[in-house]
Amino acid sequence: TLLGMIATDAPIAPSLLPSLLTSAVNKSFNSITIDGDTSTNDTVAVLANGAAGGQEITSESSEDYTAFQKTLTEFATDLAKLVVRDGEGATKFVTIHVTGSPTEFGARKIASTIARSPLVKTALYGRDANWGRIACATGYALLSEPGQPINEVEEVTPANISVSFIPGDGSPELKLLVNGEPESVDEARASEILEHEDLEIHVNLGSGKEEATYWTCDYSHEYITINGDYRT
Amino acid sequence: PAMSQTSIRHYSAPVEGAIPVAKQKYVPTSGTYPKGFLVSGTHVGVKATNKSNPDLAFLASETPCAAAAVFTKNKFQAAPVTVSRDILKRRNNKGIRSVIVNSGCANAVTGKGGMEDAEKMSFEADKCFGESSDGQGGSSIVMSTGVIGQRLPIQKILLKIPTAYDNLGSSHEHWLTAARAICTTDTFPKLISRTFSLPSSPSVEYRMAGMTKGAGMIHPNMA
């Protein structure tokens, strides 16, 4: 379960807080995954008491509203990332950045699917630059479910897709797939990149301008141990 | 079939206060906390095996304040989710005094009794502020986390809410203890704080602090 509480002494009109929080959460807590299970109890609350004084934020069109929105979103994102870093048994902190999508919805769906894929996550634990599993998850993310009418959104064109690893230490990216064609991967360099705790997987769909980011972790033996032992 | 219970590996939570070396860098040693907010973390023993760790967090505002929350969209919403959403709705996101949180038991899928327990937690927290009812119902949001499908040891929790109120404070240690109190399988408390300013009042320093918990059953979809 995810719980969160944010408190601020800034003065915010009560009617504006729900939209401020919803927007912030969609780009932070609603963009993380550890094991793909949505809890019965997830709650994030924000409280604003105005104790610091100053002008109350009363309009969505004010500069203060925009500034506070940015502060709250960044703050919530930092909190959400801490949850991922403490994922049960996690050894890696992974940013999934999907760009080049015709729609934000499609980018989010693909990022979320890659972030939840057990095979992607076990490959990351095994320090394997397994771009095939990333491409696989990208390819099924937008398919209709069995039994539903065919409603495939044509956002994924394999020949346009590029996948790369961006190391957490700021060194150059490692290209794995370029416009649907596999690169000759330097395994030693890949292993070096995957030694770090932080990693970004960049998937460029090459079909638009929308993007989305998800944060996830790897799956380790410890996850099974912890949850095999957790009792009702 | 040949495997026996003895072949199951059991998880050992980190010993009390022990934070894995690799995670220690994420735990702050100081912070700047918002004015007018007080917090505490108190030991209740929601899980019978918990003999000393804080498992009841209390976040209170010295004055009634604006509040909002997002909640899981899971159809099996826990009792505290339903109760807290109703409180915010009835109050139009204002007049909120506190958040009371227990760890160790989620009070989820616990039927009408669970709803009553969540309401009692909220009511008991309200009583700490000594205010008579203003006719709008509770002013304390309630949260729970832990095992699903079990009733809360509600009497134990209710008895300790006044202690949680007495323990309230504004120091870094108070905030860190509260952050610890909401943890379940987490290996470290998650707490951050910062200052910021707003364009209309550049000389005013505003503060924001937050705590979160979560390690498993994490794929939030809240609204």
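All chains are named by letter (A, B, ...) in the order of the sequence lines, taking the proteins before the strands, and each is independently numbered beginning at 1.
With 3.5 Å as the limit, one finds a donor-acceptor pair spanning the side chains of Asp64(A) and Ser200(B).
Residue Asp9(A) comes nearest to Pro34(B) through the heavy atom pair OD2-CA, 3.5 Å, listed as atom of the first residue, atom of the second, then distance. Here the closest heavy-atom approach between residue Leu82(A) and residue Leu191(B) is recorded as CD1-N, 4.3 Å. The shortest non-hydrogen separation linking Tyr206(B) to Gly53(A) is OH-O, 2.9 Å. Looking at every heavy atom in both residues, Gln55(A) comes nearest to Ser201(B) through N-OG, 3.5 Å.
Using a distance-only test at 3.5 Å, with no hydrogens or angles considered, no donor-acceptor pair links the side chain of Asn49(A) to the main chain of Ser61(B). Under a 3.5 Å cut-off, the side chain of Thr40(A) and the backbone N or O of Gln77(B) do not form any donor-acceptor pair. Put simply, the side chain of Asn93(B) never gets that close to the backbone of Ser15(A): no donor and acceptor are under 3.5 Å apart. Judged by distance alone, the side chain of Asn30(A) and the main-chain N or O of Met222(B) form a donor-acceptor pair under 3.5 Å. With Asp86(A) contributing its side chain and Asp186(B) its backbone, the two residues share no donor-acceptor pair below 3.5 Å. Checked by atom type and distance alone, the side chain of Thr72(B) pairs as donor or acceptor with a backbone atom of Ser39(A) at under 3.5 Å. Judged purely by atom type and a 3.5 angstrom limit, Thr38(A) uses its side chain to pair as donor or acceptor with the backbone of His219(B).
Contact of Glu74(A) with chain B is made through backbone and side chain together, with heavy-atom distances under 4.5 Å. There is no contact between Ile224(A) and chain B, counting heavy-atom distances below 4.5 Å. With a threshold of 4.5 angstrom between heavy atoms, Ser84(B) does not approach chain A through any atom at all. The contact between Val101(B) and chain A is made entirely by side chain atoms (from C-beta outward), counting heavy-atom distances below 4.5 Å. Both the backbone and the side chain of Pro199(B) come within contact range of chain A, judged by heavy atoms closer than 4.5 Å. Contact annotation for Leu88(B): neither backbone nor side-chain heavy atoms come within less than 4.5 Å of a heavy atom of chain A. Of the atoms belonging to Lys213(B), heavy atoms from both backbone and side chain fall under 4.5 Å from chain A. For a residue to count as touching a neighbouring chain, one of its non-hydrogen atoms must lie under 4.5 Å from one of that chain's; by this rule Val46(A) touches chain B with backbone and side chain alike. Proximity to chain A is limited to the side chain of Val204(B), based on heavy atoms less than 4.5 angstrom apart. Heavy atoms of Ala90(A) lying under 4.5 Å from chain B belong exclusively to its backbone.
Here Asp42(A) pairs with nothing under the side chain to side chain donor-acceptor pair (under 3.5 Å) rule; sequence neighbours left out.
Judged as a ring pair (Phe, Tyr, Trp, His ring centres under 6.0 Å), the pairs with a partner in residues 33-70 of chain A (not counting sequence neighbours) are, in order, Phe68(A)-Phe196(B).
Ranked by non-hydrogen atom pairs under 4.5 Å with chain A, the options Gly214(B), Ala66(B), Ala179(B) are led by Ala66(B).
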